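Only one structure is covered here, and it is reproduced in the block below.
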Amino acid sequence: MTTATPRTLAEELRTRSDRGLAGLLRSRPDLLNPVPGDLTQLATRAGTRASVVRAVERLDTFALQTAEALAVAPDPCPYGTLAALMAGDAGDEAVTAALPGALAALRAQALVWGPDDRLRLVRTARELLAPSPTRPSPTGLGPTVAEATAGMSPGRLQEVLAAVDLPTTHDPVSAVAALTALFSDRARMAALLDTAPAEAVAVLDKLLWGPPYGAVTDRPAAHLQWLLDRGLLLPAGARNVALPREAALHLRAGRAHRVPEPAPPALAPTTARDPQLVDNAAAGQAFTALATVEELLKEWDLGGPPVLRAGGLSVRDLKRTATALDTTEQLAAFWLELAYAAGLIASDGEADERYAATPAAEEWLQLPDHERWAVLVAAWLPATRTPGVVGTADAKGRALAALGPHLDRSPAPEVRHRVLTLLATLAPGTSVPEPTLLSRLRWERPLRAAAPAAQPPASPTPAAPDGPAGPAPAEDLRSRLAQGALAEAELLGVTGRGALATHGRTLLGTAPAAAEAAPAPEAGTAATPLTPAEATTTAARAAILLAPLLPEPLDHVLLQADLTAVAPGPLHRPLAEALGVLADVESKGGATVYRFTPASVRRALDSGRSAADLQEFLTTHSRTPVPQPLAYLVDDVARKHGQLRVGAATAYVRCDDDALLAEILADRRAAALRLRRLAPTVLAAQCAPEHLLDGLRAMGYAPAAESAAGDVLVARADSYRTPPRTAPAPVPDGPPPPDRTLLEAAVRAIRAGDLAATAERKPAAAPTGTPAPGALPRTTSAETLATMQAAVLTSSPVWIGYVNADGAASQRVIAPVRVEGGYVTAYDHTSDEVRTYPLHRITGVSELADDAV
């Protein structure tokens with residue numbers, strides 16, 4: 001039974017409802033691994049350093065400030081004292097209004113417990129946040145008078161009392177109490193400081209907001225001696241001094257923080273645009289993203305660059321890829337990582353390992369545009385690999401490579417999700433400046449880092465800030481992740497001109513026409529990112545809204561007299577692929593320009609097309625007449641194509657025109673081919689057929705390869721693909737949030753285990769039946785069997801000690817149903833199921849008190 005006022009965190013947890021316990025486990029999922037056996041175990045685990053550090057790091061700014069104030073307040077702390085520390089002597093309506101919510105959040109996280117008149121910060125959290133010489137508090141406050149005078153001699157204490165006109169005492173305890181009361185009394189403290197030299201007041205002002213430590217020489221100046229004599233500077237080491245906490249609070253008008261931040265920064269100023277304009281801009285960028293990834297796959301169609309020994313892509317290969325994609329190296333790294341996350345590229349796993357497109361890339365290329373976009377976005381939303389860190393150094397000073405290891409940043413999905421959620425709180429078509437968004441994110445989850453203490457300066461002036469005892473705000477990883485999320489969302493067409501598009505709102509499950517404000521995540525909890533399965537579902541819904549906005553593929557081009565063709569928009573895939581063989585891409589953009597050259601026409605002929613086929617293709621797919629120069633070019637190359645035939649002897653050349661063969665033999669450029677005439681129409685070569693083909697083409701001829709049967713071989717390069725590969729799995733940021741089913745089962749198990757551990761037992765008749773507190777019950781086999789049989793007849797629950805097959809001992813509350821064959825079948829309150837227990841593994845049994853269940 002618990003008392004009205006809980007004495008421990010475990011006792012307070014027993015007073016919580018099942019919903020309250022589920023909320024604690026949801027916000028701190030590390031407490032669930034494994035499921036605690038009872039509430040005492042849960043309270044113990046909630047107070048461990050690793051768990052508390054993780055919980056504190058996820059507090060918002062005001063909740064953290066509240067915890068920091070409790071760390072420098074008396075323990076336990078009345079609510080009025082805490083409110084005075086947060087709002088100051090003059091009061092602050094905004095702080096006063098927000099404080100109950102922050103305190104409730106800390107209670108929900110089990111970081112604070114106790115009634116309002118006896119608030120207690122969990123001991124580990126107090127150790128993290130309380131000030132010390134080596135770990136200054138984020139509040140900038142120093143030690144209390146009691147802490148600073150712990151090593152001071154009784155005689156010195158009496159001298160301080162005399163200097164401030166206080167009566168001397170007979171013991172150090174009462175002397176410290178008298179000095180503390182003086183520094184805490186606003187009126188008496190003000191009167192004392194009115195007599196201080198101006199230089200002394202200036203020193204106090206420098207130490208006021210921290211760090212509160214300084215150093216003095218063996219012969220301090222007069223104004224410093226005045227402060228030392230009156231205890232306004234107390235010893236903190238051999239030559240170091242500190243401003244007592246009580247004196248600092250008086251100078252601060254009672255405030256623990258210089259600037260309390262009870263409310264998050266507003267998302268302002270805003271820029272409103274036409275939502276349709278935003279959607280169109282986002283759709284255009286989405287199409288560009290598809291074209292860029294498609295170009296990447298085409299570039300690596302025959303196999304990509306090699307994999308570095310340490311993994312990843314070399315700097316040189318990244319530059320080549322960026323040049324091929326006509327973009328920067330940083331953006332090229334993003335597209336590479338996106339394709340990798342979507343499972344479209346991977347390493348082939350061969351001995352000479354290199355990157356290539358996967359079989360999934362073939363399937364992706366055949367999908368409609370909006371579905372291809374959904375695949376990319378579904379891979380991007382939960383991805384933890386961060387292309388923004390490519391090129392930076394790791395912990396060992398080595399540069400991080402694209403597609404290489406060590407690019408995962410676990411907070412990335414949560415930051416990405418929160419950035420999009422904040423944009424969704426704005427009206428459709430509305431954007432905010434990036435610094436405003438970053439300020440909001442920093443308030444919601446200020447980054448934390450512990451730093452080593454700095455040495456106090458040579459004079460009592462503020463020491464250089466060296467970081468708080470526990471978490472301290474910093475602007476590094478989270479801000480960089482947020483900036484990357486904004487840029488990547490724009491590149492993928494999730495946002496347009498900085499505003500979230502209609503289909504982007506659907507990614508978060510937000511109604512497209514609604515602009516309801518999404519509240520900031522509760523203090524201590526995280527904005528839960530989407531799982532890969534959820535991301536796939538939401539991306540599919542968003543793609544349906546995006547589909548009408550994407551440009552329709554065209555089935556025609558515009559041929560021009562300068563041997564170019566203009567595609568005024570995206571082309572159907574078969575047309576684009578065929579035109580890509582027949583011509584070279586000269587420029588990209590809103591319209592793609594293709595240029596026809598003899599080499600490109602020959603490439604099309606090598607692929608098996610005839611001159612008639614090419615002329616028909618151009619006539620069918622051009623909205624303008626085929627220019628005469630282009631028709632002449634096709635016919636001229638086709639007339640020469642295949643006139644020479646190359647086969648395998650080692651290699652040979654045959655031609656019906658013996659004069660042409662004589663011309664080749666007489667050409668000095670053919671010396672490297674080592675040709676000799678075998679017959680009037682046949683030349684033999686001492687090189688491979690492919691080398692012979694290349695050599696003749698370099699001389700300006702248009703030979704064709706032929707098979708052993710004399711047929712022309714179609715030269716079509718086969719695409720290189722990796723074996724089937726799975727996309728890289730995101731690296732979670734700690735344990736995944738539990739679902740409702742797991743939470744309900746965990747709460748039932750903890751309640752049942754706590755019942756088994758705390759339920760009152762009836763005293764046994766024999767002394768052996770009464771176990772020591774916390775020990776397993778011990779009864780004889782006969783007593784165990786008799787008690788079980790009696791419990792079956794009376795349908796009464798009993799308390800047992802049980803040792804499983806692995807030797808693990810536990811306590812359980814069961815309701816026996818049947819006893820036979822050396823086994824007892826019972827309903828187990830701990831596991832909430834009917835189980836069978838061997839009687840020989842039951843160490844003892846005890847009846848429960850009548851009101852225990």
Side-chain angles (χ1 to χ4, degrees), residues 56 61-78 80-90 92 95 99 102 112 119 121 125-150 176 179-186 189 193 201 203-215 227 231-237 240-261 446 448 450-451 453-454 456-457 460-473:
V56 169
T61 296
F62 189 63
L64 180 63
Q65 288 181 334
T66 303
E68 291 166 352
L70 282 171
V72 297
D75 187 30
C77 173
T81 301
L82 174 62
L85 284 171
M86 295 300 296
D89 296 341
D92 187 322
V95 171
L99 185 57
V112 171
L119 296 172
L121 189 65
R126 176 174 286 274
E127 293 174 354
L128 285 171
L129 301 174
S132 73
T134 57
R135 293 196 315 265
S137 167
T139 62
L141 293 170
T144 62
V145 172
E147 293 169 347
T149 58
V176 169
L179 193 59
T180 301
L182 170 63
F183 289 169
S184 302
D185 190 309
R186 295 288 187 265
M189 188 65 174
L193 292 176
V201 174
V203 170
L204 294 179
D205 289 341
K206 291 180 180 180
L207 299 178
L208 180 57
W209 293 105
Y213 298 96
L227 295 172
L232 293 173
L233 290 180
L234 291 173
N240 301 328
V241 292
L243 176 64
R245 187 180 307 170
E246 294 83 355
L249 287 173
H250 168 79
L251 295 170
R252 296 179 178 192
R255 284 185 295 149
H257 296 87
R258 184 194 291 262
V259 182
E261 300 182 57
R448 309 302 172 199
T461 55
D466 52 2

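Each residue takes its place number in the sequence, starting with 1. Remember, predicted model here, so these are calculated numbers, not experimental data.
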With [X] via side-chain contact (heavy atoms from CB on, under 4.5 Å) - residues at least two apart:
X      : answer
Leu182 : Val164, Leu166, Leu179, Arg188, Leu192
Pro76  : Arg118, Arg120
Ala84  : none

side-chain contact (heavy atoms from CB on, under 4.5 Å) for Leu233 and Leu207? Distances and angles first, verdict last. CA-CA 10 Å; Leu233 290 180; Leu207 299 178; 3.7 Å; yes
For the residue pair [X] and [Y], what are the closest heavy atoms and their distance?
X      : Y      : result
Pro244 : Leu234 : CG-CD1, 3.6 Å
Ala69  : Leu82  : CB-CD1, 3.8 Å
Gly142 : Tyr213 : CA-OH, 4.5 Å
Ser137 : Leu129 : OG-O, 3.6 Å
Cys77  : Ala73  : SG-CB, 3.7 Å
Leu119 : Asp75  : O-OD1, 4.1 Å

Report yes if the side chains of Leu249 and Phe183 come closer than 4.5 Å at any heavy-atom pair, otherwise no.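 No. Closest side-chain heavy atoms not under 4.5 Å.
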pair Pro131-Thr139: side-chain heavy atoms closer than 4.5 Å: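 Result no, sub-4.5 Å side-chain heavy-atom pair not found.
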Any chance you could measure Arg252, atom CZ, to Leu141, atom CG, to the nearest 0.5 Å?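 Result: 4.0 Å between the selected atoms.
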What distance separates Leu193 CG from Leu232 CG, expressed to the nearest 0.5 Å?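 Nearest 0.5 Å value for the CG-CG distance: 6.0 Å.
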Just to verify, what does His250 make a side-chain hydrogen bond (donor to acceptor under 3.5 Å, both in side chains) with, not counting sequence neighbours?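 None.
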Going by the rule side-chain hydrogen bond (donor to acceptor under 3.5 Å, both in side chains), which residues pair with Arg258 if we only count those two or more places apart in sequence or in a different chain?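 None.
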Pairs touching residues 136-148 that satisfy salt bridge (Lys or Arg N to Asp or Glu O under 4.0 Å), sequence neighbours left out: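 Listed once each, the pairs are Glu147-Arg245.
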Candidate pair Leu85 and Leu70, rule side-chain contact (heavy atoms from CB on, under 4.5 Å), full reasoning: CA-CA 9 Å; Leu85 284 171; Leu70 282 171; over 6 Å; no
